[in-house]
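Residues take their numbers from the sequence shown, with the count starting at 1. The structure presented is a predicted model; accordingly, all values stated were derived computationally and were not measured.
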Amino acid sequence: MRKLGFIDWVFALLAVAIMAGGGIMLFRPSAASPHSVHQQATQDAVPASHSDGLSEVEGGYRFERVVVPESRGSAVPVAFRILGGDGKPVTRFLDNQTKQMHFFVVRDDMHVFRHVHPTLDGDTWRITIDLPDGGAYRMFAEFIPLDTKDPRHPVVLGVPFSLAGDTALMPVPAPDANTRTATGYSVTRVDEPAALPLLNERKLRFAIRTPDGAPVETLEPHLGANGHMTGFHTMLLSATHLHPVEPLGAPVINGELTFRSVFAERGEYRLFLEFSHGGRLHTASITVAVE
């Protein structure tokens with residue numbers, strides 16, 4: 001066997017160094033945990049460009065019905081499980097605006113909207129909701145998996161249900177820049193143009209006025225932010241989440257609150273803005289058109 005010379009040893013050492021370097025690169029641990037990535041994504045706050053909630057199955061997760069509303073009432077029970085890819089219940093998710101689970105109920109005419117936060121009972125999420133009238137509804141469970149690769153975008157599972165009996169259905173309000181909450185606050189959309197572009201990020205600005213007409217100067221925390229906004233396509237009943245821009249605690253300039261949005265389908269969306277002021281939670285609804 002030929003003895004290794006000086007040049008042979010040099011090349012051998014170089015090969016070992018290269019392999020070691022590659023191994024270091026290959027096995028280097030992730031720079032951030034899913035939780036910290038979620039925090040950064042929340043700060044970046046660019047929404048995903050597709051709607052959600054059109055199916056009870058998404059991303060390997062499935063909505064399992066346990067108790068579905070069957071009658072109207074002020075405290076109608078709802079219970080469900082979130083099943084993973086192995087068919088077993090999943091009970092831990094990343095915090096999403098301070099909550100692991102957001103739950104929405106919307107009637108198809110957009111005149112009933114509920115946003116609540118179920119509590120975990122063993123492996124089952126439970127809540128009671130106020131359903132004052134019959135009709136066709138859709139309920140949505142929104143959560144962010146612990147192992148998500150896209151923390152800016154929650155998983156949203158949607159399930160339809162209906163309540164029998166006389167129903168006072170009303171037409172979905174047409175797009176309009178002005179609306180008023182049940183508590184007397186006026187909310188006006190002040191960004192232009194009125195029509196929103198398809199699949200392009202757009203900032204929506206809303207001027208909030210108290211019942212006496214004064215601009216709000218500060219907003220109280222609601223779900224860890226200045227406000228919360230979710231949109232629902234008026235025909236498809238798909239859900240779209242919008243992200244607040246102004247950081248919590250910052251002054252609200254001229255009473256205006258800004259949200260980043262991306263809409264995935266053409267048509268009209270009903271937006272529901274929730275904000276806290278004067279020790280109360282207020283909800284404003286407004287319709288926008290996407291072209």
Side-chain angles (χ1 to χ4, degrees), residues 29-63 82 84-85 90-104 106 115-118 125 138-158 191 196-206 219 221-233 236-250 257-266 269-275 288 290:
S30 174
S33 68
H35 181 73
S36 62
V37 171
H38 172 56
Q39 296 290 349
Q40 182 61 46
T42 302
Q43 295 171 9
D44 296 340
V46 179
S49 58
H50 58 89
S51 298
D52 299 288
L54 293 176
S55 172
E56 61 187 69
V57 179
E58 180 189 335
Y61 294 90
R62 180 165 65 88
F63 186 106
I82 302 299
V90 182
T91 58
R92 182 71 178 94
F93 304 104
L94 288 176
D95 285 343
N96 175 20
Q97 284 199 236
T98 74
K99 302 294 182 180
Q100 287 193 54
M101 180 69 66
H102 293 260
F103 189 75
F104 304 90
V106 180
H115 177 195
V116 293
H117 305 100
W125 298 89
R138 194 167 189 85
M139 53 186 175
F140 304 82
E142 177 188 286
F143 55 90
I144 300 178
L146 291 175
D147 60 351
T148 183
K149 295 180 180 179
D150 187 7
R152 70 193 176 126
H153 178 226
V155 172
V156 184
L157 307 179
D191 61 282
L196 300 172
L198 182 70
L199 295 175
N200 285 308
E201 183 186 349
R202 173 75 175 273
K203 290 183 180 179
L204 306 183
R205 291 188 294 118
F206 300 89
L219 289 170
H222 175 57
L223 299 175
N226 280 329
H228 186 281
M229 178 173 279
T230 306
F232 299 90
H233 195 284
L236 302 174
L237 287 187
S238 58
T240 298
H241 188 77
L242 292 82
H243 299 273
V245 173
E246 291 86 2
L248 180 64
L257 198 57
T258 309
F259 288 83
R260 287 179 175 171
S261 67
V262 176
F263 294 94
E265 289 91 18
R266 289 183 172 87
Y269 288 78
R270 191 71 169 163
L271 308 182
F272 294 90
L273 167 61
E274 302 168 81
F275 62 92
V288 299
V290 176

- Message: What I'd like to find out is whether the side chain of Gln100 reaches to under 4.5 Å of the side chain of Phe93, using heavy atoms alone.
- Response: yes

- Item | Residue pair Leu271 / Thr230, side-chain heavy-atom distance below 4.5 Å | no

- Item | Leu273 side chain reached by Met229 side chain, heavy atoms, under 4.5 Å | yes

- Item | Heavy-atom pair of closest approach, residues Arg138 and Gly53 | NE-O, 2.8 Å

- Message: Looking at every heavy atom in both His228 and Phe104, which two are closest together, and how far apart are they?
- Response: CE1-CZ, 3.9 Å

- Message: His115: which residues meet the side-chain hydrogen bond (donor to acceptor under 3.5 Å, both in side chains) condition with it, sequence neighbours left out?
- Response: His102, His117, Glu274

- Task: Please name the pair of heavy atoms, one in Leu199 and one in Ala264, separated by the smallest distance, quoted to 0.1 Å.
- Result: CD2-CA, 3.8 Å

- Out of curiosity, Phe263 CZ to His233 NE2, how far, rounded to the nearest 0.5 Å? 10.0 Å

- Does the side-chain contact (heavy atoms from CB on, under 4.5 Å) test come out yes or no for Gln97 and His241, once each step is laid out? CA-CA 12 Å; Gln97 284 199 236; His241 188 77; 3.5 Å; yes

- Query: For the atom pair OG1 (Thr91) and CD1 (Ile82), what is the distance rounded to the nearest 0.5 Å?
  - Reply: 11.0 Å

- Item | Closest heavy-atom pair and its distance - Phe140, Leu237 | CZ-O, 3.1 Å

- Message: Taking salt bridge (Lys or Arg N to Asp or Glu O under 4.0 Å) as the definition, give me every residue that meets it alongside Arg202, ordered by chain and number, with sequence neighbours left out.
- Response: Asp191

- Task: Evaluate the side-chain proximity of Val290 to Glu265: yes if any heavy-atom separation is below 4.5 Å, no if none is.
- Result: no

- Message: For a quick test of reading the model, state the closest non-hydrogen atom pair linking Ser238 to Leu54 and the distance between them.
- Response: CB-CD2, 3.6 Å

- Note on the structure: In this structure, CG of Asn96 is separated from NE2 of His153 (nearest 0.5 Å) by 11.0 Å

- Sequence neighbours left out, what passes side chain to side chain contact (heavy atoms under 4.5 Å, CB included) with Glu246? Give chain and number order. Asn226, Leu257, Thr258

- Message: Between Val155 and Pro145, is there a side-chain heavy-atom distance shorter than 4.5 Å?
- Response: yes

- Value rounded to 0.5 Å, distance of NE2 in His222 from CG in Leu248: 11.5 Å

- Query: At what distance, to the nearest 0.5 angstrom, does CG of Asp147 lie from CG of Leu94?
  - Reply: 9.0 Å

- Item | Point-to-point distance, once rounded to the nearest 0.5 Å, from OG of Ser261 to NZ of Lys203 | 11.0 Å

- Query: Going by heavy atoms in the side chains, are Tyr269 and Leu242 under 4.5 Å from each other?
  - Reply: no

- Give the minimum heavy-atom separation between Ile144 and Thr148, together with the two atoms involved. CG2-CG2, 3.7 Å

- Query: Does Pro154 reach the side chain of Phe143, with side-chain heavy atoms less than 4.5 Å apart?
  - Reply: no

